[in-house]
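Below: one structure, written as structure tokens.
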Protein chains: 4
Amino acid sequence: MSLREKKVERKKEEIRKSAMSVIAEKGYHATTMEDIAAKLLMTKGSVYYYFKDKESLVYESHKLLLEQSMEQLQNVLAEELTSVAKLRKAMVVHMENVITGRTDFFIGVKPDQVFEGEHLQEILHLRNQYSDCMNRLIQQGMEDGSFVQVDMKIVNYIILGAMNNAVIWYSPKGSKSIEELANSIADYLLKILL
Amino acid sequence: MSLREKKVERKKEEIRKSAMSVIAEKGYHATTMEDIAAKLLMTKGSVYYYFKDKESLVYESHKLLLEQSMEQLQNVLAEELTSVAKLRKAMVVHMENVITGRTDFFIGVKPDQVFEGEHLQEILHLRNQYSDCMNRLIQQGMEDGSFVQVDMKIVNYIILGAMNNAVIWYSPKGSKSIEELANSIADYLLKILL
Amino acid sequence: MSLREKKVERKKEEIRKSAMSVIAEKGYHATTMEDIAAKLLMTKGSVYYYFKDKESLVYESHKLLLEQSMEQLQNVLAEELTSVAKLRKAMVVHMENVITGRTDFFIGVKPDQVFEGEHLQEILHLRNQYSDCMNRLIQQGMEDGSFVQVDMKIVNYIILGAMNNAVIWYSPKGSKSIEELANSIADYLLKILL
Amino acid sequence: MSLREKKVERKKEEIRKSAMSVIAEKGYHATTMEDIAAKLLMTKGSVYYYFKDKESLVYESHKLLLEQSMEQLQNVLAEELTSVAKLRKAMVVHMENVITGRTDFFIGVKPDQVFEGEHLQEILHLRNQYSDCMNRLIQQGMEDGSFVQVDMKIVNYIILGAMNNAVIWYSPKGSKSIEELANSIADYLLKILL
DNA sequence: TATGAATGAGTGTTCATTCAT
DNA sequence: GATGAATGAACACTCATTCAT
């Protein structure tokens, strides 16, 4: 990657971050290109130099976030840990992504309210992949006897729902750090499986 | 209430339902007054005959839903049941409201993205009231020894998050009825407290 | 005129008064049919029973006012008075009409902003007639030597402009009654002619 | 001021002029943003690039006009002239502003039908300032014996009313130039004070 | 007579998007 | 690369008007 390309990539990253951050706060439709640009002391026009349109900007932002989360999740999966430890770690990582990732995107806004066509397919695909990974974690635990038998799909939704919900009420001013909170939640949720 | 008033109230109820339904599908900002009206074979203008503006329509809709849920929750609280039975019943009722109530409102959309001033205060108040009621259910169970000791607040958020999330993935085409599903979820969540 | 017709006429008069009054306060375009009806504890629909449309209501109201003013002016003209006394009396009568008649119509709103076609012609005709009458008063005074020679048209506009303007700043709370005020203004304006 | 800023200012001035001109003809409420834009071969959207909303556009236009008139009036006040000459000059200047300024705003439309809050306060303030200045002119003349004693307030209203009224009937096609007309009117009005 | 209900054309306003410079 | 300017499609909301009852 040339120096120029790196610069462009860095700029795009800045814009993506700004976009996700504003959208997390105001919601997709209520967020204007101007909001996103203003936060970076740019103008609307400049943003369009880097991104074709609003949907593309959000698509790329969201995709990256999902991919990064996916990668982390897979790293966890590859670690040499007990099923319980793995799932707990996956949960903690997930919560950190949800909260610091400023993404109120795992929840609430249904992807088809924002994306269309191939973009929508890709996002749904990534989400499913992520979900599948979580399912595998649960599956493994059930197989090796660490977890009791449960309806994997439902429990998965419970876990994801409980964790994603945190983005709504989590406040950095609270007494617990994200990690502590994540661990607490993970502990409680694990009870379902033990 | 006069016959005329009843008619008006019925019409308003129709509109509210239509509004909640379209919003649940497309999101608040993406839903136009025309969408809401069209679904009832009305015109925009007619909707404005019944509701001052979009925000008021959504406010009234949402408020009513919260109040009805609250009332049901309080009925459950007043019943002569064990703590476990009470909480399970509360959960089932909640899930039915979430799913049939077409409300993607307990989740995702932060109220302050939609409401302002007194309306916002009232909605937050109702939500808190609801939350408090759930907390009380948990508290009672802990006090009478039915539940183990937990961080009430966190567990409450977990429960609500898990249940509200259902609105996103529940499909009436699935093999389980709402009640069955609700019971399954309730069973799993109760494990956290037993 | 039958009893029924009398009743109708009385109702129409009420509506006209209400219309002129609200329009004087809020302006023609800013005044809604609802405003006019509400002031009489009626509904919009009822007003339409008596008047074809908004323009007709205002046209009839305005026409009547002009005709009544015209009649009064002609009565003054017919009286046995000196030119000076006549003109003063005409001024006082005019000011009373302007102020109590709640008509901010002699001024400000150009008739062609409100009326069209025949209605417009008729209103312009009535205004001209009124103006001509005032001119005749001045003319007579100049002919019998009571007034100095002036450019009738200009002086007429000055007089009407000065008097009509009163509707903007006159306040019933002031120390002077309408008649006192009208006499003051008339005295000052007469200086132009003496 | 940079070149760009100058360009913007010129554009805004164009828009203001267009606005005042259309409003003078059709009235505030009957004038649409599209009317204003169309006259400049612009689109509505472009006007909004320069002005926040209709009220602001009109506010700025009107304010500027009042300020310019005020400045001219104060220049007249500062000149070394007899009271009579000063007042006549003030009148001529005022009439020129009224007529060329395309403002049917000194009259007819009550400010509170258009402006609210601080904007309204500012406009009323400017009007009062202007009125006060005229009053001072009369006052001075009375003090130095040039004018007879009169009720300043009433005479002031007469003068302003008479002059503002001209905007309604003045036609550039008439035989007199604005200046000639203004001088005629001034001569007549001065008779009140001499 | 009176009115509740419905309507549709119109108005102010926003905002994603484009493009010349 | 960046942006100031312009645009047009879309939307919330208003209001004169109609009409069945």
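Protein chains get the first letters and strands the later ones, always in sequence-line order, with residue 1 at the start of each.
- Counting only distance, with no hydrogens or angles, the side chain of A:Glu5 and the backbone of A:Ser2 share a donor-acceptor pair below 3.5 Å.
- As judged by a 4.0 angstrom heavy-atom cut-off over every strand, B:Ser56 is placed among residues making no nucleic acid contact.
- When base pairs are accepted only as Watson-Crick or G-U wobble with both N-N or N-O distances under 3.5 Å, DNA chain E takes part in stems of 3 or more pairs at E:2-21 with F:2-21.
- Among the atoms of the strands shown, none is found under 4.0 Å from any heavy atom of C:Phe51.
- For the pair A:Tyr48 and A:Met33, the minimum side-chain heavy-atom distance is below 4.5 Å.
- Of the charged side-chain nitrogens involved, none lies within less than 4.0 Å of a carboxylate oxygen, so that C:Lys110 and D:Glu25 do not count as a salt-bridged pair.
- D:Ser21 and D:Ser18 share no donor-acceptor pair across their side chains, judged by distance under 3.5 Å alone.
- Atom OH of D:Tyr49 and atom P of F:dG8 are 17 Å apart (whole Å).
- Looking at which nucleotide of DNA chain E each of A:Tyr48 and D:Tyr48 is closest to, the 5′-most match is held by D:Tyr48.
- In 5' to 3' order, the nucleotides of DNA chain E bounding all contacts with chain A (an atom under 4.0 Å from a heavy atom) are E:dC15 to E:dT18.
- Rounded to whole Å, the distance from CG on D:Leu40 to P on F:dT7 is 11 Å.
- Nucleotides of DNA chain F nearest to B:Glu34 and D:Val8 differ in position, and the one nearer the 5' end is that of D:Val8.
- Taking a 6.0 Å sphere around CD of B:Gln121, one finds it holds more than 12 heavy atoms contributed by other residues, nucleotides or ligands.
- Along DNA chain F, the nucleotide nearest to D:Lys44 and the one nearest to C:Lys52 differ in position, and the one closer to the 5' end is contacted by D:Lys44.
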Full working for side-chain contact (heavy atoms from CB on, under 4.5 Å) between B:His29 and B:Val114: CA-CA 9 Å; B:His29 281 104; B:Val114 177; 5.6 Å; no
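- By the 6.0 Å contact criterion, CD on B:Glu67 is enclosed, its count of non-hydrogen atoms from other residues, nucleotides or ligands being greater than 12.
- If D:Glu55 and B:Val47 are placed on DNA chain E by their nearest nucleotide, the residue sitting closer to the 5' end is B:Val47.
- Counting non-hydrogen atoms under 4.0 angstrom, A:Thr32 reaches the backbone sugars and phosphates but no base.
- Shown are A:Val58, A:Leu64, A:Ile36; of these, the side-chain contact (heavy atoms from CB on, under 4.5 Å) with A:Arg16 is made only by A:Leu64.
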